[in-house]
Structure formats: C-alpha cells, structure tokens
Q: 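Pasting in a structure now, in structure tokens, and then I'll have a few things to ask.
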Protein chains: 2
Amino acid sequence: MPISCVFKPPVRRRVHEEIAEQLRDAILDGRLAPGQKLPPERELAERFQVNRTSLRQAIKVLEGLGLVVVRQGDGATVLPPAEASLDLLAPMIFRAGTIDTEVLVHATEVIKPLLLEMSRLAIERHEPEQLEEIRRLRDVIADDSRQREERFAAGREVIVMLSDMTRNRVWQMLARQTRNLLASPPLREARREMDRDPGQVVPYIDRCFDAIAAGQPEAALAALHQFVDYLSDLALSLDETSSGRGRMRALSGT
Amino acid sequence: MPISCVFKPPVRRRVHEEIAEQLRDAILDGRLAPGQKLPPERELAERFQVNRTSLRQAIKVLEGLGLVVVRQGDGATVLPPAEASLDLLAPMIFRAGTIDTEVLVHATEVIKPLLLEMSRLAIERHEPEQLEEIRRLRDVIADDSRQREERFAAGREVIVMLSDMTRNRVWQMLARQTRNLLASPPLREARREMDRDPGQVVPYIDRCFDAIAAGQPEAALAALHQFVDYLSDLALSLDETSSGRGRMRALSGT
DNA sequence: AACATTCATTGGTCCAACCAATTTTGTCAA
DNA sequence: TTGACAAAATTGGTTGGACCAATGAATGTT
C-alpha cells in the first residue's frame with residue numbers, strides 16, 4: 001500500500017518534533033487513514049531526509065500519543081484518532097492555519113455539560129479560602145488596566161480553580177486539559193480578533209458569587225447555567241463566519 | 001537535585017517500553033515529583049544499563065504522553081500529572097498491582113454525568129438502524145451461552161455505540177477512552193472476581209429501549225439515570241474492601 | 001492441500017562521534 | 001563590589017553504521 005503524500009525536509013526546531021507534527025497532521029486530516037501502514041522507517045527517513053534515529057524518535061512520540069501502534073517485523077499502523085488522547089483536541093481543531101469548526105462545535109458540546117457538573121461539585125465541596133482565590137481572579141479579569149492577555153489567562157485559571165474545589169483528581173486533569181485547549185495560540189488569537197472585553201464575564205461571576213454567599217446553591221447553579229451558556233455561545237460564534245465546508249481560515253498567522 | 005529511587009535493568013519486552021513504564025510509574029506515584037529534573041540522559045542510561053539511544057526513545061514516549069518537557073542544554077523536567085493525557089487514567093488507577101480506589105472513585109464521579117449527557121444526546125439524535133445495532137449488543141449481553149468476557153465486551157461496546165449516535169467526534173473520543181479504561185486487564189480481572197452475571201444489566205437496557213420505542217424520551221432518560229446509577233455503584237463497590245489507606249490489593253495477578 | 005522451512009522485510013538495540021543550546025564559571029572593566 | 005562579557009562545562013540533538021530479533025510471505029516437502 002504505497003503512500004502518496006509528499007513530506008518536506010525539516011527546517012526548523014528539533015527534527016523529530018517537526019517530523020512528528022507532519023505525521024500527526026497527516027493522520028488527523030486523513031491523508032494517512034486508520035489501518036493504513038506507515039512506510040518502513042528506512043524509507044521514511046530517506047523521504048524526510050533525516051537519520052533513521054531521528055525518525056524513530058518521532059514515531060515514538062506518535063506512539064505515546066496513541067496515534068500509531070508499532071510491531072517489530074511488521075511496521076507502524078495508524079490507529080483511529082477516536083482512540084487517541086484528548087491532547088490531540090487542539091491539533092484536531094486547528095490544522096494548517098484553519099479552524100475545523102465541526103470539531104470546535106463538538107468540543108463545545110462536550111465541555112458545556114462538563115463545566116456545569118464540575119461547577120456543581122465545586123460549589124458543593126469548596127473551602128472558603130478557595131472562594132477567595134477565585135475572587136482574586138475575578139478582580140484580575142475586571143481590572144481593565146491590565147493587559148488583555150493577562151485577564152483572559154485569569155479567566156482560564158478559574159476553570160482550574162473550580163476543578164481544585166471538587167477535590168477530584170480526574171476533574172482536575174480534565175480542567176487543565178480544557179485550560180490548555182483554550183490557551184492554544186490559534187484560539188487565543190481568534191478570540192483576540194473578536195475584540196471582546198474580558199470583563200464581560202464579570203457580571204456572570206458576580207451573580208454566582210452572590211448566590212453562593214447567600215447560601216443558595218440552586219440560585220448559584222442557575223447563574224452558572226447562564227454563565228456557561230454565555231461561554232458556549234462565545235465559542236460557537238467562531239463558527240459564524242465559517243465557510244460552507246465547515247472550515248474557516250484561522251485569524252492568527254500561527 | 002539528586003534522584004534517589006533505584007531502577008532495575010530492563011529484562012522483558014522492548015527496552016524503551018520497559019524504561020518508559022518505569023519512569024512513568026515513578027512520576028505517577030510521586031517518586032519523581034513535578035518540577036523535578038530527570039538525571040542527564042547519559043547518567044540515566046548508565047543506571048538503566050541501556051544505550052542512550054534506547055533511553056532517549058523512552059523519554060520521547062513520556063514527552064508524547066505529556067509527562068515531561070525536554071529542553072536542549074537544560075534537561076527533562078517532570079510536569080504535573082494533572083496536565084497529562086487521559087490515557088494515563090488506567091496507569092493511575094492500577095499501579096504496582098494495587099487499585100488506587102481514590103482515583104477510581106474520582107473517575108467514576110466524572111464518567112457518570114458524562115455518560116448521562118452523552119446518552120441524552122444519543123437518544124435525541126440517533127438513527128433507527130443504530131438502535132438496532134445496540135439491540136444486537138443487548139442480545140449478546142443477555143445470551144448466557146456465550147463466554148463471560150464476550151458479554152462484558154459487548155457491554156463496553158454499548159458505550160461506543162452511544163457515542164456514535166451523538167454524531168459528535170469528541171464524545172466518540174471520550175467514549176472510546178472510557179471503553180479502553182474499562183477494558184484494562186486489572187479492572188477486567190477485578191470485575192470477573194466479583195462474579196457478577198453480565199446479564200444483570202439487560203433489564204436496565206430494556207427499560208431504556210421500551211421508553212424510546214414508546215416515544216417517551218423523558219422516560220428513557222429516567223431509565224438511563226437508574227442504569228447509570230447501577231453502573232456507578234458497581235464501580236464503587238470495588239472500593240468496599242479497600243484498606244484505610246485508600247488503596248487495596250488488585251484481585252488480578254496483573 | 002496442509003504443513004514446515006527458509007528468507008527477505010522491518011523494527012529494536014547498540015556504539016561512537018559530533019553538533020547545538022543552555023547553564024555555569026571565570027575574567028575583566030567600570 | 002558589581003556588572004557585563006566571554007569561555008568552558010553540561011546536556012540534549014543528530015548522524016552513520018552495524019548487528020539483533022520478530023514477522024510474514026515465499027518456498028519446498030510430505
């Protein structure tokens with residue numbers, strides 16, 4: 001089964017890093033289909049014009065990501081991306097300078113109930129001093145004398161803080177991955193271009209705080225619903241200008 | 001910052017695989033703390049009694065897993081596991097022949113609402129023929145003339161089928177990771193030891209089917225709630241015999 | 001036709017040398 | 001003393017080649 005796609009020799013960064021990225025993207029956008037076998041290491045190395053050792057390191061990274069399975073004497077076989085890690089969400093959404101709005105919509109659809117349930121637990125189990133930490137983050141977000149990026153970053157950290165309040169290590173993992181996803185350079189750029197004031201979320205946060213302070217977890221959850229709906233709409237608004245093919249050019253230069 | 005833990009030379013399987021596993025476990029159970037630096041490659045290679053090339057491949061796998069960050073001239077630094085991929089959930093729960101019931105409880109707490117929301121979407125968006133596929137899986141689960149493992153496997157595939165019904169690629173990723181987690185050998189063994197009949201879940205499934213067939217999505221969701229509660233309790237019952245330290249010996253021989 | 005053997009293919013490991021980025025150290029001048 | 005700058009040591013990155021080991025297909029035998 002010959003592989004027809006062309007690869008360019010690495011020019012920047014670490015060689016195995018570049019190779020791994022090219023192969024990863026080829027897998028994610030289907031040029032290398034699941035079940036298909038990668039060319040032999042020796043041949044791939046020659047095509048990339050790198051040493052076999054470097055190419056092997058790239059393969060190992062892909063193996064760690066769960067994108068390929070390697071068997072001695074057989075070769076490297078591409079696995080379905082659906083089996084792969086959540087770390088691939090960002091590369092799946094942002095590929096080749098464009099935003100795959102389909103995956104973005106899908107991710108939003110998953111993150112929304114996730115955020116809601118996590119916050120429910122957080123409200124239930126939080127310690128008072130943790131509430132204070134979030135309040136400090138809120139103040140950073142509301143402080144329009146600061147850099148926009150710093151205020152956005154504080155907003156992302158709220159998610160992480162919430163996860164810590166659940167005292168659940170798995171929620172903590174998910175929240176940090178979500179934060180990292182939101183912090184992906186292409187998404188950061190896209191949001192910056194939308195020219196929104198980071199402080200817009202402050203009223204939502206305050207409404208949650210007020211309800212919690214008043215000892216009304218139900219009201220807090222209701223406010224939370226509104227907040228999460230707002231965030232969800234924000235993400236989906238990136239879809240507005242999408243082309244008919246379900247993909248749009250990213251606003252960043254990457 | 002000297003590293004004190006001892007490493008044994010690899011004896012089985014592929015060398016870099018064994019090395020990666022030892023290092024991964026050392027990170028997951030805290031012998032290598034986040035922020036700490038790994039010893040230089042040359043020194044580590046000597047300690048493991050392997051070539052530096054093999055050790056480097058292991059490092060690359062850890063890099064792919066998001067457990068370490070490597071910088072030329074500096075070294076490899078351990079990252080917080082909370083930042084790492086969900087693929088690590090199984091190694092986190094099952095370590096050194098024991099079940100970490102804390103992480104297990106945490107994972108269950110996350111998977112439960114996840115499953116519920118995903119099923120809600122699945123009921124909303126499914127195609128009739130997909131319902132038939134699940135019915136076939138149901139028949140396999142109910143067929144006590146088959147191997148127990150085959151029936152358990154069918155149960156796990158239901159989750160994947162549900163995710164396909166959502167027509168959402170991210171749900172599909174999460175479902176497949178969850179299935180893989182449930183299929184982890186230690187968890188499979190533990191459940192087998194519990195000596196439960198895989199067919200116990202059939203009434204729950206049927207109740208969902210009946211409600212969907214009757215065109216009552218609310219009733220289907222109610223039945224689903226009961227089902228998910230049952231599954232959740234099943235997972236948590238593994239915690240019953242746990243020791244005070246929050247960990248119990250795994251029932252399997254690994 | 002079924003089975004066992006052989007052999008080419010392909011990944012796995014090792015070695016040794018050198019390149020490149022970073023950090024540390026040392027020196028000298030202000 | 002302090003700061004800046006340069007040299008050296010440390011550490012990961014890359015290369016080339018050689019050989020080992022598992023797989024699978026071709027071949028031959030029964």
Side-chain angles (χ1 to χ4, degrees), chain A residues 1-3 7-24 26-27 32 34-79, chain B residues 1-3 7-24 26-27 32 34-79:
Chain A
M1 185 182 299
I3 309 288
F7 298 113
K8 54 183 178 182
V11 284
R12 42 165 190 154
R13 299 182 305 173
R14 295 192 282 269
V15 173
H16 70 260
E17 203 168 312
E18 171 86 13
I19 305 266
E21 182 172 319
Q22 283 194 45
L23 288 175
R24 184 200 66 190
I27 293 174
L32 290 175
Q36 201 172 4
K37 273 206 171 56
L38 261 57
E41 290 182 351
R42 291 167 175 87
E43 182 189 330
L44 258 187
E46 190 179 357
R47 278 220 257 163
F48 276 112
Q49 299 178 30
V50 300
N51 188 276
R52 188 171 155 230
T53 310
S54 301
L55 182 107
R56 274 178 63 73
Q57 291 177 27
I59 301 281
K60 288 293 160 287
V61 174
L62 297 181
E63 216 177 355
L65 285 171
L67 285 179
V68 298
V69 59
V70 183
R71 289 196 321 154
Q72 183 172 348
D74 188 14
T77 308
V78 178
L79 292 176
Chain B
M1 188 184 296
I3 309 288
F7 298 113
K8 54 184 178 183
V11 285
R12 45 169 184 147
R13 299 180 305 173
R14 296 193 279 272
V15 173
H16 70 260
E17 204 168 311
E18 169 86 13
I19 306 267
E21 183 172 319
Q22 284 193 45
L23 288 175
R24 183 200 67 189
I27 293 174
L32 291 174
Q36 199 170 4
K37 275 206 170 53
L38 261 57
E41 290 183 351
R42 291 165 175 86
E43 182 188 331
L44 258 187
E46 190 179 359
R47 280 221 255 163
F48 276 112
Q49 298 178 31
V50 299
N51 188 278
R52 187 171 154 228
T53 310
S54 301
L55 181 106
R56 272 178 65 75
Q57 290 177 28
I59 301 280
K60 288 294 161 287
V61 174
L62 297 181
E63 216 177 355
L65 285 171
L67 284 178
V68 300
V69 58
V70 183
R71 290 194 320 156
Q72 182 171 347
D74 187 14
T77 308
V78 178
L79 293 175

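Values reported hereafter were calculated over all heavy atoms of this structure, with side chains retained and with hydrogens, waters and symmetry mates removed. Reminder, nothing fancy here: chain letters follow the sequence lines and each chain counts from 1.
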Q: Where along nucleotides 17-25 of chain D does protein come under 4.0 Å, by heavy atom, of base (B) or sugar-phosphate alone (S), with - for untouched nucleotides?
A: -BB-BBBS-

Q: Are OP1 or OP2 of C/dG12 and a side-chain N or O of A/Lys60 less than 4.0 angstrom apart?
A: yes

Q: Can you tell me the distance, in whole Å, between the CG atom of A/Leu44 and the C1' atom of C/dG11?
A: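 To the nearest whole Å, that distance equals 13 Å.
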
Q: Near B/Glu43 CD, under 6.0 Å, is it more than 12 heavy atoms from other residues, nucleotides or ligands?
A: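 Yes.
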
Q: The criterion is side-chain contact (heavy atoms from CB on, under 4.5 Å); which residues satisfy it with B/Pro34, sequence neighbours excluded?
A: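 With neighbours one apart ignored, the set is B/Pro80, B/Pro81.
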
Q: Locate the shortest heavy-atom distance separating B/Gly64 from A/Leu65; write the atom from each residue and the value.
A: O-CD2, 3.3 Å

Q: Side chain to side chain contact (heavy atoms under 4.5 Å, CB included) for B/Leu38 and B/Val78? Distances and angles first, verdict last.
A: CA-CA 7 Å; B/Leu38 261 57; B/Val78 178; 3.5 Å; yes

Q: Measure the distance from CD on B/Glu63 to C1' on D/dG13 and round it to the nearest whole Å.
A: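 Going from CD in B/Glu63 over to C1' in D/dG13 covers 11 Å.
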
Q: Side chains of B/Ile27 and B/Val68: does their closest heavy-atom pair fall under 4.5 Å?
A: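 Yes, at least one pair of side-chain atoms sits under 4.5 Å.
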
Q: Return the value, rounded to whole Å, for the distance between atom CD1 of A/Ile19 and atom P of D/dT14.
A: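 For the pair A/Ile19 CD1 and D/dT14 P, the rounded distance is 9 Å.
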
Q: For A/Glu46 and D/dT15, give me the distance from atom CD to atom C1', rounded to whole Å.
A: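 Distance, rounded to whole Å: 15 Å.
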
Q: Give a yes/no answer on whether the side chain of A/Ser54 brings an N or O atom under 4.0 Å of OP1 or OP2 in D/dG13.
A: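 No, A/Ser54 has no side-chain N/O under 4.0 Å of OP1/OP2 on D/dG13.
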
Q: Take atom CD of A/Gln57 and atom P of D/dG12, then tell me their distance rounded to the nearest Å.
A: 12 Å

Q: For A/Arg56 and C/dC14, what is the distance between atoms CZ and P respectively, to the nearest whole Å?
A: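 In whole Å, C/dC14 P and A/Arg56 CZ are 11 Å from each other.
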
Q: Tell me the closest heavy-atom pair linking A/Ala58 and A/Ala20, and the distance in Å.
A: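 Of all heavy-atom pairs spanning A/Ala58 and A/Ala20, the closest is CB-N, 3.7 Å.
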
Q: Send over the distance from A/Leu55 CG to C/dG12 C1', rounded to a whole Å.
A: 14 Å

Q: Please identify each residue that fulfils side-chain hydrogen bond (donor to acceptor under 3.5 Å, both in side chains) with A/Arg71, with sequence neighbours left out.
A: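 In terms of side-chain hydrogen bond (donor to acceptor under 3.5 Å, both in side chains), with neighbours along the sequence ignored, A/Arg71 is linked to A/Asp74.
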
Q: How long is the line joining CD of A/Glu17 and P of D/dG13, in whole Å?
A: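 From A/Glu17 CD to D/dG13 P: 9 Å.
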
Q: Below the 4.0 Å mark, does C/dT13 have OP1 or OP2 next to a side-chain nitrogen or oxygen of B/His16?
A: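 So the side chain of B/His16 is within the cut-off, an N or O lying under 4.0 Å from OP1 or OP2 of C/dT13.
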
